[in-house]
Structures are given as C-alpha cells and as structure tokens.
Amino acid sequence: MKKYLNVQNGYNKSELKEIATIIKNGGLVLFPTETVYGIGTNGLDADAVNRLFHVKKRNKKNPINLLVSSMSMIEEITQDISPLEYKLMEAFFPGPFTIILKRKKMIPDIVTANSNFVGIRMPDCNIVKELVESANVPIAAPSANISGKLSGTKLTDVISQFSNTLDFVIDGGESKIGMESTIVKIIDNIPHILRPGFITPKQIESIAGKVILENENNIILPSSNMKHYQSDIKSILIYSDDNQKMMNHIIDLSQKYKNPAILCCMENLEFYITKSCNKSVIPIASKSNLEDYAKNLFSSLHMVSSFSPDVILIEGVKKDGLGIAIMNRLIHVCDGNCIEI
C-alpha cells in the first residue's frame, strides 16, 4: 500500500476512508490542518498514543489535544459541560480554538497526562473532518514536529524530521492560517487564555464578557515550563514602538556576526537591503496584515534557517490582537532572548 497522498488538487473520499482506517487501527498519519501540520492517531488507543509520544520525542507530562468532528462526539468523551463552554464552542467551532473540558474515563490517561481534563478542537479543515468522521474516533493530534522544534505550515518543512516512523503522509499544501489554536480553560466561569492563538482575546471577550490572558510565567498548562517552537539557530527578537529605532538596532546587532539573517515586515525590507549589503533579509508580511504575518511566520523561519546563518534577528510586532500570539511564538523561537527598546 502506498504511504503518501497529495490532496492539493482534490482527493477521492474513498482514499481518505482508507487513511482513516489506519488511524483507527493505531497508525500514525501526518496531515494538514488549517493551523499547522499535525500527526494523528486514535485518541482512544493508549498504545497508539504512546507510540505518538515516542515518535515526537514528546514529554509525557505534556498532554495531547483531541480533534473531533461534531458536538455529539464531544459529548461522548467529555462531561459536565457548562453553558459558557457550550457558548464558546458554538462561536468558535469549527476553527483554530481549543477548549479544555472535563474528560470521561474512556479517554486514556496518557492523552491527558493523568489529569481530569482534555483539550478539544474541531478543525475547520475538510480533510481532517472527514478523517475523524470516517475513523469515528477522536484523533490525538499534536503539531507535526519533533517536540521543541518549529511547527510547520508546509509538508516540506517537517517531513524530514520523521524518517520512516509514519504510516501515512497527506500533503495538503500550505496551511490556511499557519498559527496554532488559542487554548482556553474556563475557571470560575471566566475564560482563561492558556496559549494565545489565532482567536484573539477581544473575540473571546465579545462572547464571554470577560477574559483573562494568563502570563507566560503562570504554570497552568503542564507544558508551560517546556520549550516550544525553538529554532536550531541562535535567534534574537527586537521590538520598539519606534520603527526606525528598532531597525537601527537590528543593523547595529548584525555587525557583530559573520553571517546574520534578518526577518522583517515588508515595509522595512528596502531599508535592510540598503544597509546590510549581502546579508540575508526575509520579509514575513506587511505589518498592517497580521493574519498574513501569522500565516507566513513558521515558513519564513524554516526558509531563513535553510541559509545556515549564525544568528537570526527578528523584528517584533505590537502586542495587540493577533500580535499577542505572534509575539508569544517569537519569544519561544528565541528562547526568551528578547530586546525591547
């Protein structure tokens, strides 16, 4: 049986049914979602999930979210859902939104890191929806990267990490959103954002009336003190409300390295090309379009890493709206190596 399917120009539903059977039987499948690429298996099969942890080199203290296709599936695997939780799911499902709910015992302990709660997401991606529906089980699906490394929005950015450890690979082209989901848990009837993502605090506030954005230092998620999205190359995040000041500082920093690379917004590209001679300069997107910024972020990081620079100097963005999630990812990429001017 073949182990690869390209669905960029369409697909036959019978082919997805065959792949769904692989998942249901405990196989590991790499597939696209609207956020980033994921690796999935049967979320009710403890042995399959254990294999998933092993392949990703993931800490077993870090739980895995489950992908579902319907509210009825959510109600089969979770319990004691509050009116506010229902309201948020109605507003943001399907989409880049994960909500932490109280699990039923049918979900293996390994999925939840032995907690009583599980992250639930309903993707806005027909491929994943059909895989879940055909498998008729929730799919345990972390991002398709070795734990701690960069997520991927293109198959080519992540496939080399997994050698022959996967049972099937689906190539869906570039992810539509490119930013992982927002993770929310209701505490005392207030949504707490445990990981910022594509759904912004203001969007959640418009539904719930109040929202709390947890500080990076608050250890609420089991993975809060673990490394995520890190580049293999030394990276420095630089931000200032004064754009010219930020650009000047990046140029000054670049003089200290033999082969620096710069990631910037489209508007600043010409300045860096003029000032930095032969240094690698990669524009992410226009700073006026943070949706494109989020979509292109990981692919830009993969691209610039392929140039093997000795440092990556990255422009920051204003921490507002989607900028909150973008800065969260960049802070992780740089392992906290950040300069605010």
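Residues take their numbers from the sequence shown, with the count starting at 1. It should be emphasised that the depicted structure is a prediction, and the values quoted were computed from it without experimental measurement.
When M247, H249, Q255 are each tested for a side-chain contact (heavy atoms from CB on, under 4.5 Å) with I251, only one passes: Q255. The only member of I238, L297, L301 that meets side-chain contact (heavy atoms from CB on, under 4.5 Å) when paired with I314 is L301.
S235 places a side-chain N or O within 3.5 Å of a backbone atom of I233 that can act as its donor or acceptor partner. No side-chain donor-acceptor contact under 3.5 Å links N145 to the backbone of S147. Listed for the N116 side chain is no donor-acceptor partner under 3.5 Å among the backbone atoms of K102. With hydrogens and angles ignored, the 3.5 Å screen pairs no side-chain donor or acceptor of H332 with any backbone N or O of G148. The backbone N or O of C265 lies less than 3.5 Å from a partner atom in the side chain of E315, making a donor-acceptor pair. No side-chain donor-acceptor contact under 3.5 Å links S280 to the backbone of A261. The closest donor-acceptor contact from the side chain of S175 to the backbone of E34 lies at 3.5 Å or more, if one exists at all. Not a single donor-acceptor pair under 3.5 Å links the side chain of K295 to the backbone N or O of T153. Within the 3.5 Å criterion, the main-chain N or O of D47 finds a donor-acceptor partner in the side chain of D45. Between the side chain of D310 and the main chain of Y257, no donor-acceptor pair closer than 3.5 Å is present.
Side-chain atoms of E180 and S143 include no donor-acceptor pair closer than 3.5 Å. Judged purely by distance below 3.5 Å, without hydrogens or angles, the side chains of N248 and K275 never pair a donor atom with an acceptor atom. Side-chain contact annotation: T35 with S181, donor-acceptor N/O pair under 3.5 Å absent.
What you find for H302 and D157 is that their closest heavy atoms are CE1-O, 3.3 Å. Considering every non-hydrogen atom in both L44 and M106, the closest pair reads CD2-O, 3.9 Å. Between L290 and L322, the shortest heavy-atom contact is O-CD2, 3.3 Å. Across every non-hydrogen atom of I139 and G40, the tightest pair is CG2-CA, 3.6 Å. The heavy-atom pair separating F31 from I39 by the smallest distance is CE2-C, 4.3 Å. For the pair R58 and P63, the tightest heavy-atom approach, listed with the atom from each and the gap, is NH2-O, 2.7 Å.
A distance of 13.0 Å separates CG in N42 from CD1 in I22, rounded to the nearest 0.5 Å. The distance from the CG atom of N337 to the CD1 atom of I331 is 11.5 Å, given to the nearest 0.5 Å. Note that NZ of K56 is 8.0 Å distant from CD of Q161, once rounded to the nearest 0.5 Å. Residue L84 holds its CG atom at 9.5 Å from CE of M89, rounded to the nearest 0.5 Å. The structure places CD of E133 at 10.5 Å from NZ of K17, a figure rounded to the nearest 0.5 Å. One finds the CD1 atom of I204 at 13.0 Å from the NZ atom of K202 (value rounded to the nearest 0.5 Å).
Around the NZ atom of K104, the shell of radius 6.0 Å holds more than 12 heavy atoms that belong to other residues, nucleotides or ligands. Heavy atoms from other residues, nucleotides or ligands lying under 6.0 Å from CD of Q244 number more than 12. Counting non-hydrogen atoms of other residues, nucleotides and ligands closer than 6.0 Å to CD of E270 gives a total of 12 or fewer. Around the CD atom of Q8, the shell of radius 6.0 Å holds more than 12 heavy atoms that belong to other residues, nucleotides or ligands.
In the hydrophobic cluster analysis, where Ile, Leu, Val, Met, Phe, Trp and Tyr join through side-chain heavy atoms closer than 4.5 angstrom, M71 is grouped together with M73. Note on I186 and I212: separate hydrophobic clusters, where clusters join Ile, Leu, Val, Met, Phe, Trp and Tyr whose side-chain heavy atoms are under 4.5 Å apart, directly or indirectly. When the side chains of ILVMFWY residues are joined at heavy-atom separations under 4.5 Å, either directly or via intervening members, F117 and I190 end up in two distinct hydrophobic clusters.
In this structure the side chain of M122 reaches within 4.5 angstrom of the side chain of I74, judged on heavy atoms. Proximity of F92 to V184: side-chain heavy atoms (C-beta onward) are nowhere separated by under 4.5 Å. In this structure, the side chains of H192 and L194 come closer than 4.5 Å at one or more pairs of heavy atoms. You'll find the side chain of L131 reaches within 4.5 Å of the side chain of I170, heavy atoms only. Residues K154 and F298 form no side-chain contact, since every pair of their non-hydrogen atoms from C-beta on lies 4.5 Å or further apart. At least one side-chain heavy atom of M246 sits under 4.5 Å from a side-chain heavy atom of N243. For the pair Y4/L166, no side-chain contact is recorded, criterion being any heavy-atom separation below 4.5 Å from C-beta on. Side-chain contact check for S254 versus L313: some heavy-atom pair is nearer than 4.5 Å.
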I would like to know whether I77 and V118 meet side-chain contact (heavy atoms from CB on, under 4.5 Å); could you show each step before the answer?
-> CA-CA 9 Å; I77 60 177; V118 63; 5.7 Å; no
Evaluate the side-chain contact (heavy atoms from CB on, under 4.5 Å) criterion for residues L237 and M327: first the C-alpha distance (whole Å), next the side-chain angles of each, then the deciding distance (0.1 Å), finally the verdict.
-> CA-CA 9 Å; L237 176 62; M327 287 294 277; 3.9 Å; yes
Worked check of side-chain contact (heavy atoms from CB on, under 4.5 Å) between F307 and I282 = CA-CA 11 Å; F307 301 151; I282 303 296; 3.6 Å; yes
Test side-chain contact (heavy atoms from CB on, under 4.5 Å) on V211 and I193 and set out the steps.
-> CA-CA 7 Å; V211 65; I193 298 177; 3.7 Å; yes
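Between R103 and D109 there is a salt bridge, since a side-chain N of the basic residue sits under 4.0 Å from a carboxylate O of the acidic one. In this structure, K318 does not pair ionically with D241, as no charged nitrogen and carboxylate oxygen lie closer than 4.0 Å.
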